[in-house]
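Notes follow the structure.
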Protein chains: 2
Amino acid sequence: MLRNKQAIAEQAKIFKALGHPSRLLMVDALRENERCVCELQALVGDDMSSVSKHLSVLREAGIVSSQKRGTNIYYQLALPCLETFLSCTSEIVKKRILSQVEMLNNR
Amino acid sequence: MLRNKQAIAEQAKIFKALGHPSRLLMVDALRENERCVCELQALVGDDMSSVSKHLSVLREAGIVSSQKRGTNIYYQLALPCLETFLSCTSEIVKKRILSQVEMLNNR
DNA sequence: TTACTATTTGGTAAAATAGTAAAATATAGT
DNA sequence: ACTATATTTTACTATTTTACCAAATAGTAA
């Protein structure tokens, strides 16, 4: 149960951070494995500075953590409960999109 | 697994919609019970038109649905998997805040 | 040291979002 | 039909976010 302002704001911050296609895409990739910034950059295709900024949003929301190894900085997921929710919302979204397609076909 | 742009955008939209304190507060209240707009308005304390706009964001993201009964419009949750994720992130946020407080005390 | 690679930071213009007041809609009761 | 209540929409302004470029930083290799 949400009670105080600070807790709500923190929780909203998590959602807000996830609420951008590039960030969500990166987070989704991190479910499988940690990745360095350059891999994430290649994945989303934004320019480096954008990726870096997106990552800092995710870091500040406590969704990912990072550590330097050699030349690279590796990011990994830091929010254990994300997995279930991501796969669940992903399923729902797929179904929604499918039913939209069906509605188009049946016209 | 997230694959195509549209699905990612849809899913991000869900997160984005949840990423605002007032909206999150309303959604949280809806976990317990459906509520009419006026109840939600009293809960968050924003003015009516803001509440209404926030609700339309939630509606368009498919997080809530609404139905008119009598004079009022009642909103209810439409995203089954939200429950687990909300309680989980809420716990995490609580722990984070607590540990911040502890760090302050130990200085 | 110098040069190189990976990443972050700062500045800025354009786009999106939030908040508020006023107007519009819809419905119920009289 | 008229009035009151509940909700949404519109119009406007202020604020935040985004995307991109250039510059700064940090670590590594030569």
Side-chain angles (χ1 to χ4, degrees), chain A residues 5 8-27 29-30 33-78, chain B residues 5-6 8-30 33-78:
Chain A
K5 295 238 174 199
I8 292 162
E10 275 294 314
Q11 207 180 356
K13 197 168 158 186
I14 294 175
F15 285 115
K16 196 172 182 178
L18 293 168
H20 184 288
S22 299
R23 292 196 291 262
L24 189 52
L25 196 51
M26 295 194 284
V27 165
L30 293 177
N33 226 321
E34 63 168 18
R35 317 257 178 179
C36 67
V37 182
C38 56
E39 289 171 317
L40 294 170
Q41 193 258 323
L43 174 72
V44 303
D46 296 347
D47 74 22
M48 202 46 148
S49 69
S50 296
V51 170
S52 179
K53 254 175 228 175
H54 282 313
L55 286 170
S56 84
V57 172
L58 292 171
R59 239 187 297 117
E60 276 172 36
I63 295 168
V64 302
S65 57
S66 66
Q67 56 191 101
K68 189 161 223 164
R69 277 209 310 284
T71 329
N72 301 314
I73 298 184
Y74 288 87
Y75 278 81
Q76 51 269 142
L77 275 195
Chain B
K5 295 239 173 200
Q6 191 188 0
I8 291 161
E10 275 294 314
Q11 207 179 357
K13 198 167 157 187
I14 294 175
F15 286 114
K16 196 171 182 179
L18 293 168
H20 185 289
S22 299
R23 292 195 291 261
L24 190 52
L25 194 52
M26 294 194 284
V27 165
D28 186 60
L30 293 176
N33 226 320
E34 64 170 18
R35 317 257 178 179
C36 68
V37 181
C38 55
E39 288 170 317
L40 293 170
Q41 194 257 323
L43 174 72
V44 302
D46 296 346
D47 75 25
M48 201 47 150
S49 69
S50 294
V51 170
S52 179
K53 219 188 274 179
H54 283 314
L55 286 170
S56 83
V57 172
L58 291 171
R59 239 188 296 117
E60 276 171 35
I63 296 168
V64 302
S65 57
S66 66
Q67 58 192 99
K68 190 162 223 165
R69 278 210 308 284
T71 329
N72 301 315
I73 298 184
Y74 288 87
Y75 278 80
Q76 50 269 142
L77 275 194

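Each chain gets a letter, A, B and so on, in the order its sequence line appears, and its residues count up from 1.
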Please list, one pair per line, the donor and acceptor atoms closer than 3.5 Å that link side chains of residues 39-46 of chain A to other protein atoms, with sequence neighbours excluded.
from, atom 1, to, atom 2, distance (Å)
A:Glu39, OE1, A:Cys36, N, 2.8
A:Gln41, NE2, A:Asp46, O, 2.9
A:Asp46, OD2, A:Ser22, OG, 2.8

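- No side-chain heavy atom of B:Leu30 sits under 4.5 Å from any side-chain heavy atom of B:Gln76.
- Rounded to whole angstrom, the span from the CG atom of B:Asp46 across to the P atom of C:dA18 amounts to 11 Å.
- Interface residues of residues 34-42 of chain B facing DNA chain C, ordered by number: none; criterion, heavy-atom separation under 4.0 Å.
- Residue pairs meeting the salt bridge (Lys or Arg N to Asp or Glu O under 4.0 Å) criterion with at least one partner in residues 58-77 of chain A, sequence neighbours excluded, are A:Glu34-A:Arg69.
- Look at A:His20 and you won't find any side-chain N or O under 4.0 angstrom from OP1 or OP2 of C:dT17.
- Distance, A:Leu55 CG to C:dA6 P: 16 Å, rounded to whole Å.
- Of all heavy-atom pairs between A:Asn72 and A:Cys38, the closest is OD1-SG, 4.4 Å.
- Contact record, B:Ile73 with B:Ser66: CG2-CB, 3.8 Å, taken as the closest heavy-atom pair.
- Counting all heavy atoms, side chain and backbone alike, B:Ser65 lies closest to B:Ala78 at N-CB, 4.0 Å.
- A pairwise comparison of heavy atoms in B:Ile14 and B:Ile63 identifies O-CD1, 3.5 Å as the closest pair.
- Both A:Gly70 and B:Ser56 sit near DNA chain D, but only B:Ser56 has its closest nucleotide nearer the 5' end.
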Where does DNA chain D pair, written as one dot-bracket string 5' to 3', with Watson-Crick or G-U pairs under 3.5 Å, ( ) inside the strand, [ ] for crossing pairs and | for another strand?
-> ||||||||||||||||||||||||||||||
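- OP1 or OP2 of C:dA18 has at least one side-chain nitrogen or oxygen of B:Arg23 nearer than 4.0 Å.
- Between B:His54 and C:dG19 there is a side-chain polar atom (N or O) within less than 4.0 angstrom of OP1 or OP2.
- At distances below 3.5 Å, at least one donor-acceptor pair connects side-chain atoms of B:Arg23 with backbone N or O atoms of B:Ala17.
- One can place CE of A:Met48 at 14 Å from C1' of D:dA26, the figure rounded to the nearest angstrom.
- When the side-chain nitrogen and oxygen atoms of A:Asn72 are compared with OP1 and OP2 of C:dT7, one or more of them lie within a distance under 4.0 Å.
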Identify the pairs formed between an N or O of the protein and an N or O of nucleotides 21-25 of chain C at a distance under 3.5 Å, and give each distance.
from, atom 1, to, atom 2, distance (Å)
C:dA21, N6, B:Ser49, OG, 3.3

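- Between the B:Ser52 side chain and the B:Ser49 main chain, no donor and acceptor come within less than 3.5 Å of each other.
- For the OP1/OP2 pair of D:dT8 and a distance below 4.0 Å, the side-chain nitrogens and oxygens of B:Tyr75 include at least one atom meeting the criterion.
- Atom CZ in A:Arg69 sits roughly 16 Å away from atom C1' in D:dT28 (whole-Å rounding).
- For the pair A:Val64 and A:Tyr75, the tightest heavy-atom approach, listed with the atom from each and the gap, is CG2-CD2, 3.6 Å.
- Atom NZ in B:Lys16 sits about 8 Å away from atom C1' in C:dT17, given to the nearest Å.
- The distance from atom CE of B:Met26 to atom C1' of D:dT7 is 13 Å, rounded to the nearest whole Å.
- In this structure, the side chains of B:Lys16 and A:Leu18 stay at 4.5 Å or more apart for every pair of heavy atoms.
- With sequence neighbours excluded, no residue satisfies ring pair (Phe, Tyr, Trp, His ring centres under 6.0 Å) with B:Tyr74.
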